[in-house]
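These notes concern the structure reproduced below.
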There are 2 protein chains.
Amino acid sequence: MIKIDPNDGTPIYLQIVRQIKYMIASGAIREDDELPPVRVLAQQLVINPNTVAKAYRELEFQGLIYTRPGAGTYVAKRRILFSDEERLRIIQEKIESLIVEAQNLNFTLEELAKIFNERLTKIYKQQTEEKGNERD
Amino acid sequence: MIKIDPNDGTPIYLQIVRQIKYMIASGAIREDDELPPVRVLAQQLVINPNTVAKAYRELEFQGLIYTRPGAGTYVAKRRILFSDEERLRIIQEKIESLIVEAQNLNFTLEELAKIFNERLTKIYKQQTEEKGNERD
DNA sequence: TAAACTGTATTACAATTATAGTACAGTAGT
DNA sequence: ACTACTGTACTATAATTGTAATACAGTTTA
């Protein structure tokens, strides 16, 4: 499931953070689902358990998971850890960074808008489909 | 102009890279404009010239600036360094990351689309204004 | 209660980052 | 030619960061 790319450049623990954030955002794992124990995931990825622990610590800090020491690590309830101002600031910063990157890659604003909105539409359809299939 | 935040977490040389990329994308500096000499910028920011040099090296690698050793460092001509596939891959990855972040901050897709398109519209207006004012 | 699991803390080591100093080579203007 | 500027290269050093190995403490389950 989670994969490490040694040539990625970004630290291993951040690669884990990114992928788990993606799994949470996409609904692949949900509230109170248990994450693999640090030793299990570490063995799968052939890395040190501490590296996984560091990733979990970071995710806990961001409020996406919670750990019960001795018991396990679980996906946290969707909740608001930041003020509206802070949330808006974070997302606007990300948007700004995306636009800068796009411009420096010679995308026009129109092209960027098109690619972005297409992706959003696709996800939106996926999510409404899933809503309709909720039978568990 | 360029500012270093010691509490930013990201390395100084990357903070410089990010800010210069922004200045290029926003049109604050343009083709063949000269960047401050490494020693000058280093003195302004109270850092080592080597750190600035490292930032310039990174920007040159990304094709955004060019250096004429002995002469100075300049903003490069907008050109395509990557294949269309590569450009698309990079920008789609950034978009994906933005959407994940937004979802984990409890923004709906609609909210994200709204914030994003508002920002894009604002920039678009700025740029068309500048086009109209080009008198240099 | 005992065994097998969980995350955590401590320590050590390697890689990266930042700084500093020095020297070098190319360019520009006088 | 000379001077003052440019970026570059190199070495060394310190601090931070990322990873690893080991031991520890709490929880679960039988």
Side-chain angles (χ1 to χ4, degrees), chain A residues 1-21 24 29 31-76, chain B residues 1-21 23-24 29 31-77:
Chain A
M1 206 154 180
I2 293 178
K3 286 205 183 83
I4 296 305
D5 177 8
N7 303 346
D8 183 303
T10 62
I12 296 176
Y13 85 98
L14 288 181
Q15 292 188 41
I16 297 172
V17 166
R18 177 161 36 83
Q19 292 181 58
I20 293 181
K21 287 177 86 166
I24 293 175
I29 51 178
E31 186 180 334
D32 293 329
D33 279 356
E34 187 170 359
L35 294 176
V38 291
R39 286 170 185 78
V40 174
L41 185 53
Q43 194 176 12
Q44 279 179 18
L45 304 178
V46 196
I47 59 176
N48 193 278
N50 264 329
T51 304
V52 179
K54 184 167 190 178
Y56 283 5
R57 229 176 298 138
E58 173 65 22
L59 287 164
E60 186 169 26
F61 175 75
Q62 294 186 28
L64 295 174
I65 68 178
Y66 63 93
T67 64
R68 295 196 299 128
T73 306
Y74 310 87
V75 177
Chain B
M1 205 156 181
I2 293 178
K3 286 205 183 82
I4 297 305
D5 176 8
N7 303 346
D8 182 303
T10 62
I12 297 176
Y13 83 98
L14 288 181
Q15 292 188 40
I16 298 172
V17 167
R18 177 161 37 82
Q19 291 181 58
I20 293 182
K21 287 177 85 166
M23 290 191 289
I24 294 174
I29 51 179
E31 186 179 334
D32 293 330
D33 279 355
E34 187 170 359
L35 295 176
V38 291
R39 288 171 184 78
V40 174
L41 186 53
Q43 195 175 12
Q44 278 179 19
L45 303 178
V46 196
I47 59 177
N48 193 279
N50 273 331
T51 304
V52 179
K54 184 168 189 177
Y56 282 6
R57 229 176 297 139
E58 173 64 22
L59 287 163
E60 185 168 27
F61 175 75
Q62 293 186 28
L64 295 174
I65 67 178
Y66 64 93
T67 64
R68 294 196 299 130
T73 306
Y74 310 88
V75 178
K77 190 193 298 267

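Atoms considered below: every heavy atom in the structure, side chains included; atoms not considered: hydrogens, waters and symmetry mates. Here is the naming used below: chain letters follow the sequence lines, and residue numbers restart at 1 for every chain.
- Rounding to whole angstrom units, CG of residue A/L45 and P of D/dA20 are separated by 11 Å.
- One atom, CD1 of B/I16, and another, P of C/dT17, lie 14 Å apart when rounded to the nearest Å.
- Counting to the nearest Å, the P atom of C/dA18 and the CG atom of B/D5 are 13 Å from each other.
- Atom CG in B/N48 sits about 13 Å away from atom C1' in D/dT11, given to the nearest Å.
- At whole-Å resolution of the value, CG in B/L35 and P in D/dG7 are 9 Å apart.
- Distance B/R39 CZ to C/dT22 P: 14 Å, rounded to the nearest Å.
- In the region residues 51-70 of chain A, proximity to DNA chain C at under 4.0 angstrom, judged on heavy atoms, holds for A/T67, A/P69, A/G70.
- Distance from the side chain of A/V38 is smallest for C/dT8 among the nucleotides C/dA20, D/dG7, C/dT8.
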Worksheet item: Is there a side-chain contact (heavy atoms from CB on, under 4.5 Å) between B/I2 and B/L41 once you walk through the steps?
Response: CA-CA 9 Å; B/I2 293 178; B/L41 186 53; 4.1 Å; yes
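- Between B/E34 atom CD and D/dG7 atom P the separation is 8 Å, expressed in whole Å.
- Counting heavy atoms from C-beta on, the side chains of A/I12 and A/L45 never come closer than 4.5 Å.
- In terms of position on DNA chain D, the residue among B/P49 and B/G9 whose nearest nucleotide sits closer to the 5' end is B/P49.
- A/Q19 and A/Q15 share no side-chain donor-acceptor pair at under 3.5 Å.
- A/R18 has its side chain within reach of A/D8: a pair of non-hydrogen atoms, C-beta onward, lies under 4.5 Å apart.
- Between A/A76 and A/G63, the closest heavy-atom pair is CB-O, 3.6 Å.
- Looking at the side chain of A/Y13, the nearest of the listed nucleotides D/dT19, C/dT27, C/dG7 is D/dT19.
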Discussion item. Show, in sequence, the C-alpha distance, side-chain angles and deciding distance for A/I47 and A/Y13, and conclude whether the side-chain contact (heavy atoms from CB on, under 4.5 Å) test is met.
Written reply: CA-CA 10 Å; A/I47 59 176; A/Y13 85 98; over 6 Å; no
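- Within a 6.0 Å radius of CD in B/E34, more than 12 heavy atoms belonging to other residues, nucleotides or ligands are found.
- Atom CG of A/L14 is separated from atom P of C/dT16 by 15 Å (rounded to the nearest Å).
- Taking 3.5 Å as the limit, the base of C/dG21 and the side chain of B/N50 contain a donor-acceptor pair of atoms between them.
- Taking only side-chain atoms of A/A71, from C-beta outward, the nucleotide of D/dT27, C/dT6, D/dT19 with the closest atom is D/dT27.
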